[in-house]
Visitor: 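Here's a structure for you.
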Amino acid sequence: MERFVDLKSYNTFGLPVVASYFSLISDTSDMEALIADNVFQESRKLILGGGSNLLFLDDFFDGLVIQPQNKGWEVVDEKGNLVFIKVQAGTDWAAFVDEMVDAGYHGLENLALIPGKVGAAPMQNIGAYGVEIKDCFYELEAFDFQTGKIKKFDKDSCDFGYRSSIFKHNARGRYLINTVTFALKKQANLNTSYGNLEDYFTKKGIKNPDIKELSEAVKDIRRAKLPDPTFIGNAGSFFKNPVIHQLLFDDLLKEFPQIPAFPAGTNTYKIPAAWLIDHAGWKGYRKGDAGVHDKQALVLVNYGNASGREIFALAMKIQLDVKKKYGIHLDPEVNII
Ligand code: EPU
């Protein structure tokens, strides 16, 4: 276990946060040793994947940061068209997706180039371009801090929702996700229905994209819109897309006839938070080193030396303004620590 570790390179906002304790975990025996340690028992704990979906408010984290290091994947079963892939929590998500695409295993290609580690993916049921991991999730194994044992979760017990799971709510902080198993398909229809993708293929004159062309399209679109955290600190979408009632939507349409909306259940619509923020005039806004990305209004950025509190203050200003202009509450998607 290390002491006083700078987490700047461990969080994609690039915030210089010092953690009092930091421990890398490679296997169950490391975990068992850690649990037996006094520091573990007495400290506030934070499990860190790629640090790509969190915002530290302070420059000191008085607690223990645990980062899984176990990497790699294997085929654990095959049934007809299905292939079951078990992947270790510390594996880089984007590299794993590329390997699945190269192997011709279908299901994750729309989730290419998302920063982070595999173990963090089920936490918030990561999603992009019309696909969420719950669509091909099979099960996961997690280390239970309370019992000291490994517990299996099938899809139902993860309680996946839009950018959410049991690990973000009822079971928050209790488990360390150790492995995730996906049920991928050898043959499958590709999901090219998300608006941007159709436009992309039409422009490129690609009629029937294959799995590789689809994942390349997703990567191209992401690169064009989303800032690369290696160069500009960010944690992807800062807020979730809100779901509103038909009555509010009807009212809003009178004032904002161009407001985009996607049906999401009975009498409810999902509204792109990016549109609300953009049309409230925040896109490209900058105060000090905290800003709103100029190509995607849902992404808050750290141009260099913003503090966690400055980024948070900007988020709260946007939240207030959106509420005032549209009567819609924006819920942060990023974990605030
Ligand atoms: N829009 C604007 N202004 C902008 C950007 C977008 O008005 O600056 C409007 C457009 O109408 C556009 C719509 O918002 O059609 C949706 O934008 P986009 O397709 O970029 O997706 P999003 O809803 O903003 C979600 C996810 C992203 C994911 C993309 C693509 C959430 C919170 N975000 O963003 O996920 O990559 O769809 O599927 O659901 C993340 O979670 O960190 C993330 C990047």
Side-chain angles (χ1 to χ4, degrees), residues 11-13 49-55 93-94 97 108-117 120-135 160-165 168 190-200 214-215 217-229 232-244 252-253 256-264 269-285 291-301 311 315 318-319 322 325-326 328-336:
N11 75 98
T12 58
F13 264 121
S52 52
N53 200 45
L54 44 84
L55 175 69
W93 174 265
V97 171
L108 302 175
E109 52 283 353
N110 294 45
L111 305 176
L113 214 65
I114 295 180
K117 305 283 181 192
M123 289 280 299
Q124 48 150 359
N125 179 28
I126 59 170
Y129 304 97
V131 173
E132 292 180 334
I133 69 152
K134 76 164 169 40
D135 303 333
F160 288 125
Y162 167 56
R163 293 295 192 279
S164 97
S165 76
K168 230 176 153 179
L190 298 172
N191 188 335
T192 54
S193 55
Y194 196 88
N196 284 343
L197 286 171
E198 280 175 352
D199 296 349
Y200 179 96
L214 175 51
S215 80
V218 167
K219 288 184 188 181
D220 272 359
I221 298 170
R222 288 190 73 94
R223 283 194 196 103
K225 284 189 156 190
L226 297 169
D228 180 344
I232 302 177
N234 75 93
S237 302
F238 196 90
F239 298 101
K240 289 194 232 182
N241 286 326
V243 173
I244 63 168
L252 284 168
L253 268 181
F256 309 101
Q258 297 92 341
I259 194 168
F262 305 92
Y269 291 88
K270 192 180 264 189
I271 311 291
W275 189 93
L276 300 172
I277 299 169
D278 187 348
H279 290 259
W282 289 96
K283 195 169 182 169
Y285 173 91
V292 179
H293 189 51
D294 58 358
K295 297 196 184 68
Q296 222 302 4
L298 195 47
V299 180
L300 300 191
V301 293
I311 295 166
I318 293 172
Q319 195 186 49
V322 165
K325 289 206 167 83
Y326 310 98
I328 296 179
H329 171 77
L330 292 183
D331 217 4
E333 195 246 322
V334 165
N335 292 301
I336 314 291

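Counting convention: from 1, in listed order, for ligands and their atoms alike.
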Visitor: For F239, counting its heavy atoms only, list the atoms of ligand 1 lying under 4.0 Å from any of them.
Guide: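 The atoms of ligand 1 under 4.0 Å from a heavy atom of F239 are 32 (C).
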
Visitor: Consider every N or O of A297 and every N or O of ligand 1, then say whether any pair is closer than 3.5 Å.
Guide: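 Such a contact does occur with ligand 1.
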
Visitor: Considering only the protein, which heavy-atom contact is closest to atom 8 (O) of ligand 1, and what is its distance?
Guide: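 So the nearest neighbour among protein heavy atoms is K283 NZ, 2.8 Å.
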
Visitor: Using a 3.5 Å cut-off and no angle test, enumerate the donor-acceptor pairs between side-chain atoms of residues 269-281 and protein atoms at least two apart in sequence or in another chain.
Guide:
residue, atom, partner, partner atom, Å
Y269, OH, Q246, OE1, 3.4
W275, NE1, H279, NE2, 3.0
D278, OD2, K283, NZ, 3.3

Visitor: Mark up the atoms of ligand 1 that fall under 4.0 Å of a heavy atom belonging to E333, in ascending order.
Guide: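 By the 4.0 Å cutoff, the relevant atoms are 40 (C), 41 (O), 42 (O).
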
Visitor: Just to check, does R222 reach to within less than 4.0 Å of ligand 1 when the distance is taken from its heavy atoms?
Guide: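 Under 4.0 Å: yes for R222.
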
Visitor: Kindly indicate whether the side chain of K225, heavy atoms from C-beta on, has any atom under 4.5 Å from the side chain of N196.
Guide: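 Yes, their side chains come closer than 4.5 Å.
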
Visitor: Check each of N241, I221, L276 against atom 23 (O) of ligand 1 and report the one with the nearest heavy atom.
Guide: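 Closest candidate by heavy-atom distance is N241.
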
Visitor: Side chains of L113 and R223: closer than 4.5 Å at any heavy-atom pair?
Guide: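 L113 vs R223: side chains touch.
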
Visitor: Just need the protein heavy atom nearest to atom 41 (O) of ligand 1, so name the residue and atom and give the distance.
Guide: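 It is R163 NH2, 2.9 Å.
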
Visitor: Among A128, P242, S237, which residue places a heavy atom closest to atom 44 (C) of ligand 1?
Guide: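 The nearest heavy atom belongs to S237.
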
Visitor: Identify, for atom 38 (O) of ligand 1, the protein heavy atom at the shortest distance, and state residue, atom and that distance.
Guide: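 Sorting protein heavy atoms by distance from atom 38 (O) of ligand 1 puts Y129 N, 2.6 Å first.
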
Visitor: How far is atom 11 (O) of ligand 1 from the closest protein heavy atom, and which atom is that?
Guide: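 Heavy-atom neighbour on the protein nearest atom 11 (O) of ligand 1: P260 CG, 3.6 Å.
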
Visitor: Can you tell me the protein heavy atom closest to atom 17 (O) of ligand 1 and the distance?
Guide: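 Going by distance alone, atom 17 (O) of ligand 1 is nearest to Q296 NE2, 4.0 Å.
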
Visitor: Could you list the atoms of ligand 1 found under 4.0 angstrom from a heavy atom of G236?
Guide: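 Numbered from 1, ligand 1 contributes 42 (O).
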
Visitor: For atom 39 (O) of ligand 1, which candidate among W275, Y194, Y162 holds the nearest heavy atom?
Guide: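 Selected option, by shortest heavy-atom distance: Y162.
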
Visitor: Which of the atoms in ligand 1, numbered in the order shown and given with their element, are less than 4.0 Å from a heavy-atom of N196?
Guide: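 It comes down to these atoms of ligand 1: 19 (O).
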
Visitor: Between the main-chain N or O of G236 and the side-chain N or O of H293, is there a donor-acceptor pair closer than 3.5 Å?
Guide: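 Flag not set: sc H293 to bb G236 has no pair under 3.5 Å.
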
Visitor: Is there side-chain contact between K168 and N335, with at least one heavy-atom pair below 4.5 Å?
Guide: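 Side chain of K168 against side chain of N335, heavy atoms only: contact under 4.5 Å found.
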
Visitor: Sub-3.5 Å donor-acceptor pair from the side chain of E109 to the main-chain atoms of S215, do we have one?
Guide: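 No, E109 side chain to S215 backbone: no donor-acceptor pair under 3.5 Å.
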
Visitor: Among all protein heavy atoms, pick the one closest to atom 3 (N) of ligand 1 and tell me residue, atom and distance.
Guide: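 Here the closest protein heavy atom is D278 OD2, 2.8 Å.
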
Visitor: Determine whether the side chain, the backbone, both or neither of I126 has a heavy atom under 4.0 Å from any heavy atom of ligand 1.
Guide: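 I126 to ligand 1: no contact under 4.0 Å from either part.
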
Visitor: Has ligand 1 got any nitrogen or oxygen that is less than 3.5 angstrom from a nitrogen or oxygen of K225?
Guide: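 By distance alone, the answer is yes.
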
Visitor: Assign the ring pair Y129 / Y194 to parallel, tilted or perpendicular, where the plane angle (0 to 90°) is split at 30° and 60°.
Guide: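 Rings of Y129 and Y194: perpendicular, as their planes differ by over 60°.
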
Visitor: Do you know which of I318, V299, D331 makes side chain to side chain contact (heavy atoms under 4.5 Å, CB included) with F239?
Guide: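 When I318, V299, D331 are each tested with F239, the side chain to side chain contact (heavy atoms under 4.5 Å, CB included) holds only for I318.
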
Visitor: Determine if the distance from atom 35 (O) of ligand 1 to the closest protein heavy atom is below 4.0 Å.
Guide: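 There is a protein heavy atom less than 4.0 Å from atom 35 (O) of ligand 1.
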
Visitor: To the nearest 0.5 angstrom, please state how far the CD atom of E333 sits from the NZ atom of K240.
Guide: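 With rounding to 0.5 Å, CD (E333) is 7.5 Å from NZ (K240).
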
Visitor: Side-chain contact test, heavy atoms from C-beta onward, threshold under 4.5 Å: evaluate it for W93 versus L111 and give yes or no.
Guide: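 W93 vs L111: side chains touch.
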
Visitor: I need the nearest protein heavy-atom contact for atom 5 (C) of ligand 1: residue, atom name and distance, please.
Guide: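 For atom 5 (C) of ligand 1, the nearest protein heavy atom comes out as A274 CB, 3.4 Å.
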
Visitor: Quick one: look up the protein heavy atom nearest atom 14 (O) of ligand 1 and list residue, atom name and how far away it is.
Guide: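 Minimum-distance protein heavy atom for atom 14 (O) of ligand 1 reads P272 CB, 3.2 Å.
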
Visitor: Given the rule in the side chain to side chain contact (heavy atoms under 4.5 Å, CB included) test, do N241 and R163 qualify, once you have shown the distances and angles that lead to the verdict?
Guide: CA-CA 10 Å; N241 286 326; R163 293 295 192 279; over 6 Å; no

Visitor: Where the side chain of T12 meets the backbone of P229, is there a donor-acceptor pair that is under 3.5 Å apart?
Guide: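 Side chain of T12 to backbone of P229, a donor-acceptor pair under 3.5 Å: no, none is there.
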
